Undergrad: 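Here's a structure for you.
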Amino acid sequence: MNTALRRNKNFALLLSGQIVSNAGDHIQDFAFLLLVLAMTGSAAQSGLVLGVNTAAYLLVGLAAGALVDRWDRRRTMIWCELGRAALAAGVAAALWLDRLTLPHLYAVAALAGVLHALFQSASTAALPTIVGPAQLARALAVTQGTLNTLRVSGATLAAAVHGLGRTVPFAVNAVSFVASAASLRLMRASFQEETRPPGPGRLVAEIREGLTWLWRQPVIRLFGLLQTGDMLRYGAGYLVIITLAQGVGASPQQIGLIFSAAAAGSLLGSLLAARLAGRFPIGRLAAAMLWVEALVFPLYAAAPDALLLGLVAFAESVLPPVYSVAMTSHRLAITPDHLRGRTSAALETLTMGALSAGTMAGGAMIAAWGPKPATLTLAAWLLLLAITATAAPSVRRIR
């Protein structure tokens, strides 16, 4: 973090709150899956609970973006954190009283998805006014790097906290959300240029306004579609890598280390992101990322052991954070403040939907063809995306 950004107390408070609440999420998500598995004995039920959380996010994502463009963003974020704290505390209390039921967990997953959609839309939209345009790319890189650091250590931390007792992860997460809300309350920055009174019956029209603005930006439109295509591959690739790892005899711990290696690659990319995003055109970064992914991804099929699978995962993960910082800072910089919530939510909904669809497609491909043919199919898809990015006139023109 450079001097100017380090001296920005508002950004420091925002980042510290996100660190605490994301650490709490890692701890709770781990405990959540184990809890559902213990209650039902079904891995499918555990996956279904996660699916409910994602589905809730997708269903309300567009509306959440429009609402945070209407509402006071800081107040919205504080209430979302307090709401998530209440949900986590409710699970802890129900466990303590031995009254927890599966419908309770499904309701928590759904409500948490709604609150996360509102919080994330408000946070992304507010960042440019908190740090200013000159520090936007660096702030995104620092945030991304910090969260990737949590990804590397998150599983170990979650397992350690879970070992203290089954109620502890949920109680810890409740406290983490309260701490995040407190950090937001201490901030003195503006979170938006102005708030607008809600117009009765205009929510759909406001969502359409944001989507129309996005579609009329040729660079953002193309990169959004390319990113959606890449997230389809990412969702499918997650299951493919796990299946390939099992095929070479990797233990669950070794599979975890493979994904830790991917997180470490993302962390390295985050550390380089601000410098590279300021030095190279966005179009060149997008094409480079997709070409690296297209050339590296087939190596998963050839890797004979978990160590080489981890090295491939590391190499594949370095450039995406660089591109993400470049594209997000460009988009936020050119988007009018009153549309930032809607445009951010629209792209997030699109990419998360692609991630979910990719996960389902990956399972179907593995079942039909096996993991290695599925890997090569995904590599061919990445090659098509790379060629598209290289050939597109708007990619060559953008700086």
Side-chain angles (χ1 to χ4, degrees), residues 22 26 29-30 33 50 141 144-159 226-227 229-273 276 285-286 288-325 351-352 354-356 358-359 361-363 365-366 369-383 385-386:
N22 272 270
H26 279 292
D29 288 347
F30 182 82
L33 290 175
L50 290 180
Q144 197 171 79
T146 303
L147 299 184
N148 280 325
T149 301
L150 287 175
R151 281 178 59 203
V152 174
S153 57
T156 303
L157 176 63
L226 288 173
Q227 188 175 12
D230 195 29
M231 291 302 287
L232 276 168
R233 185 274 319 173
Y234 187 89
Y238 189 85
L239 290 176
V240 167
I241 294 167
I242 290 175
T243 310
L244 288 171
Q246 291 173 333
V248 297
S251 67
Q253 292 78 14
Q254 288 174 321
I255 294 173
L257 289 174
I258 291 169
F259 289 103
S260 292
S266 295
L267 175 58
L268 175 60
S270 299
L271 295 175
L272 300 172
L276 295 179
L285 289 173
M289 176 192 73
L290 290 168
W291 278 109
V292 167
E293 289 180 343
L295 295 173
V296 170
F297 197 81
L299 299 179
Y300 281 116
D305 53 40
L307 175 61
L308 287 177
L309 282 170
L311 290 174
V312 175
F314 177 89
E316 188 202 0
S317 302
V318 174
L319 277 182
V322 179
Y323 163 73
S324 177
V325 166
T351 54
M352 279 197 67
L355 182 65
S356 298
T359 302
M365 286 192 294
I366 293 168
W369 307 327
K372 290 189 176 182
T375 303
L376 298 179
T377 301
L378 294 175
W381 174 250
L382 285 168
L383 182 62
L385 294 178

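The structure presented is a predicted model; accordingly, all values stated were derived computationally and were not measured.
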Undergrad: Is any side-chain heavy atom of W291 closer than 4.5 Å to one of L383?
TA: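 The answer is yes, as the side chains (C-beta and beyond) meet within the 4.5 Å cut-off.
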
Undergrad: Any chance you could measure L271, atom CG, to Q144, atom CD, to the nearest 0.5 Å?
TA: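 CD of Q144 is found 10.0 Å from CG of L271.
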
Undergrad: I need the minimum non-hydrogen distance between Q254 and A306, along with the two atoms involved.
TA: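 Closest heavy-atom pair between Q254 and A306: CB-CB, 4.1 Å.
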
Undergrad: If every non-hydrogen atom of L385 is compared with every non-hydrogen atom of L226, which pair is closest and at what distance?
TA: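 Nearest heavy atoms, L385 then L226: O-CD2, 3.9 Å.
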
Undergrad: Would you say that L290 contacts Y323 through its side chain, given a criterion of any heavy-atom pair below 4.5 Å between the two side chains?
TA: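 Side-chain contact under 4.5 Å: no.
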
Undergrad: Does D230 use its side chain to pair, donor to acceptor, with the backbone of R233 at less than 3.5 Å?
TA: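 The answer is no, because no donor-acceptor pair under 3.5 Å joins these two groups.
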
Undergrad: So which atom in A303 and which in V248 form the shortest heavy-atom distance, rounded to 0.1 Å?
TA: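 A303 and V248 have their closest heavy atoms at O-CG1, 3.8 Å.
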
Undergrad: Evaluate side-chain contact (heavy atoms from CB on, under 4.5 Å) for K372 paired with L244, printing each intermediate quantity in order.
TA: CA-CA 7 Å; K372 290 189 176 182; L244 288 171; 3.8 Å; yes

Undergrad: Return the set of residues passing side-chain contact (heavy atoms from CB on, under 4.5 Å) with V312 (not counting sequence neighbours), or none when no residue passes.
TA: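 Scan of V312 (side-chain contact (heavy atoms from CB on, under 4.5 Å), adjacent residues dropped) gives V296, L299, Y300.
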
Undergrad: What pair of heavy atoms forms the shortest contact from A141 to S270, and how long is it?
TA: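 Minimum heavy-atom separation between A141 and S270: CB-O, 3.7 Å.
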
Undergrad: Quick check for you: to the nearest 0.5 Å, what is the distance between S251 atom OG and Q246 atom CD?
TA: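 Here the rounded value is 10.5 Å.
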
Undergrad: Roughly how far apart are L272 CG and L319 CG, rounded to 0.5 Å?
TA: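 So the gap between those two atoms works out to 9.0 Å.
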
Undergrad: How long is the gap from OH on Y234 to CG on L378, to the nearest 0.5 Å?
TA: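 Here the interatomic distance stands at 13.5 Å.
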
Undergrad: Using 0.5 Å steps for rounding, measure from the CG atom of L311 to the CG atom of D305.
TA: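 Separation between the atoms: 8.5 Å.
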
Undergrad: Taking the side chain from S317 and the backbone from A313, do they hold a donor-acceptor pair closer than 3.5 Å?
TA: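 Yes; at least one donor-acceptor contact below 3.5 Å.
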
Undergrad: How many angstroms lie between OG in S356 and CG in L232, if you round to the nearest 0.5 Å?
TA: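 If I round to the nearest 0.5 Å, the distance is 10.0 Å.
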
Undergrad: With sequence neighbours excluded, give me every salt bridge (charged side-chain N to carboxylate O under 4.0 Å, His left out) pair touching residues 235-249.
TA: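 Those involving residues 235-249 do not exist here.
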
Undergrad: Quick one: closest heavy-atom pair of V322 and V318, and the distance?
TA: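 Minimum heavy-atom contact is CG2-O, 3.9 Å.
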
Undergrad: Shortest non-hydrogen contact from V325 to A273?
TA: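 Smallest interatomic distance, heavy atoms only, reads CG2-CB, 3.7 Å.
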
Undergrad: So if I apply the side chain to side chain contact (heavy atoms under 4.5 Å, CB included) rule between I241 and each of I258, T375, I255, which one comes out positive?
TA: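 Only one of I258, T375, I255 forms a side chain to side chain contact (heavy atoms under 4.5 Å, CB included) with I241, namely I258.
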
